[in-house]
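Below is one structure, written out as structure tokens; the observations come after it.
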Amino acid sequence: MNSNGSRFLENKDDIAKLRKCFSGLWGLDDSQIIKDAIEKPEFFVMKPQREGGGNNIYGDDVWKTLLRLQKEGTEEDAAYILVQRIFPTFLMQDSICHRDNAISELGIYGAYVRNKEKVIMNEQSGYLMRTEVSSSNEGGVAAGFAVLDSIYLT
């Protein structure tokens, strides 16, 4: 989604509601986020930049890994992203509010092709919705921690 959401929605109230559903995602080049993650690691997940799930870093291991990467000063930090940890919430089913121990993540895929400075294609090309139990510290459909799901927005 572009910075203000207007590519997909026109109504500013709808855009604001949708953006509240997104979790934060940062590279390790944001010093303020690194500081926040070291101080409050329970609110972050460090994920390796690869597909398939597994090898996520949680809790005290977040700050330990961040401090180790800072001390080493290598390029290894480019292999990770920080993601705002998602906690279970209330779900609506048939207009009834349920407390559930599952969470869902929506991934938007894009296609980007360019030839030097000329952008040939930059388009949204699909999505993947996955749902997993909130008690798992791992994720990923291929790794067996999540299932494929679908979305229905009203």
Side-chain angles (χ1 to χ4, degrees), residues 1-9 15-91 99-151 153:
M1 181 176 285
N2 62 355
S3 62
N4 65 13
S6 62
R7 178 175 174 196
F8 302 104
L9 300 170
I15 293 169
K17 288 177 189 174
L18 183 61
R19 292 203 56 82
K20 286 182 181 180
C21 297
F22 284 63
S23 63
L25 183 145
W26 306 271
L28 297 188
D29 55 352
D30 186 326
S31 60
Q32 183 57 52
I33 290 300
I34 299 294
K35 181 178 180 279
D36 292 347
I38 289 170
E39 291 175 359
K40 297 180 181 177
E42 66 275 14
F43 294 110
F44 295 89
V45 178
M46 259 181 97
K47 293 186 168 198
Q49 289 280 53
R50 65 180 189 86
E51 289 298 322
N55 302 302
N56 294 334
I57 300 170
Y58 291 86
D60 287 343
D61 291 334
V62 169
W63 67 263
K64 290 174 185 176
T65 303
L66 288 170
L67 290 175
R68 178 184 60 80
L69 290 172
Q70 285 180 339
K71 182 179 178 183
E72 291 174 356
T74 66
E75 297 295 317
E76 185 186 353
D77 59 349
Y80 293 94
I81 57 172
L82 273 173
V83 182
Q84 178 184 357
R85 186 154 186 185
I86 302 169
F87 294 94
T89 187
F90 292 95
L91 303 174
R99 176 91 178 163
D100 204 332
N101 293 322
I103 55 175
S104 297
E105 290 182 13
L106 172 65
I108 305 290
Y109 292 95
Y112 182 79
V113 179
R114 73 185 240 182
N115 184 353
K116 297 184 180 178
E117 299 302 317
K118 181 180 180 188
V119 175
I120 298 167
M121 178 189 343
N122 186 7
E123 299 176 3
Q124 184 270 338
S125 57
Y127 75 90
L128 174 78
M129 174 68 81
R130 66 182 192 162
T131 299
E132 59 194 51
V133 295
S134 62
S135 59
S136 175
N137 274 345
E138 293 297 342
V141 174
F145 296 105
V147 296
L148 294 177
D149 207 340
S150 62
I151 58 172
L153 299 175

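Worth knowing before you read on, the calculation uses all heavy atoms, side chains too, and leaves out hydrogens, waters and symmetry mates. Everything numeric here is computed off the predicted structure, so don't read it as measured data.
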When rounded to the nearest 0.5 angstrom, what is the spacing between [atom1] in [X] and [atom2] in [Y]?
X	Y	atom1	atom2	result
I33	L25	CD1	CG	10.5 Å
R68	T74	CZ	OG1	7.5 Å
Y80	Q49	OH	CD	11.0 Å
Q70	I38	CD	CD1	4.5 Å
I81	D29	CD1	CG	12.0 Å
L82	D30	CG	CG	9.0 Å

Report yes if the side chains of [X] and [Y] come closer than 4.5 Å at any heavy-atom pair, otherwise no.
X	Y	result
W26	Q84	yes
V45	V62	no
L69	M46	yes
N56	P48	yes

Fill in: Donor-acceptor contact below 3.5 Å, side chain E42 vs main chain F44
no
Non-hydrogen atoms of [X] and [Y] that approach each other most closely:
X	Y	value
G59	P41	O-CB, 3.1 Å
A111	S125	N-OG, 3.8 Å
R114	V119	CB-CA, 3.9 Å

Item to complete: Apply side-chain contact (heavy atoms from CB on, under 4.5 Å) to the pair D36 and Q32, showing each step before the final yes or no.
Response: CA-CA 6 Å; D36 292 347; Q32 183 57 52; 2.8 Å; yes
Discussion item. Looking at E75, I want to see if its CD is surrounded by more than 12 non-hydrogen atoms of other residues, nucleotides or ligands under 6.0 Å.
Written reply: no
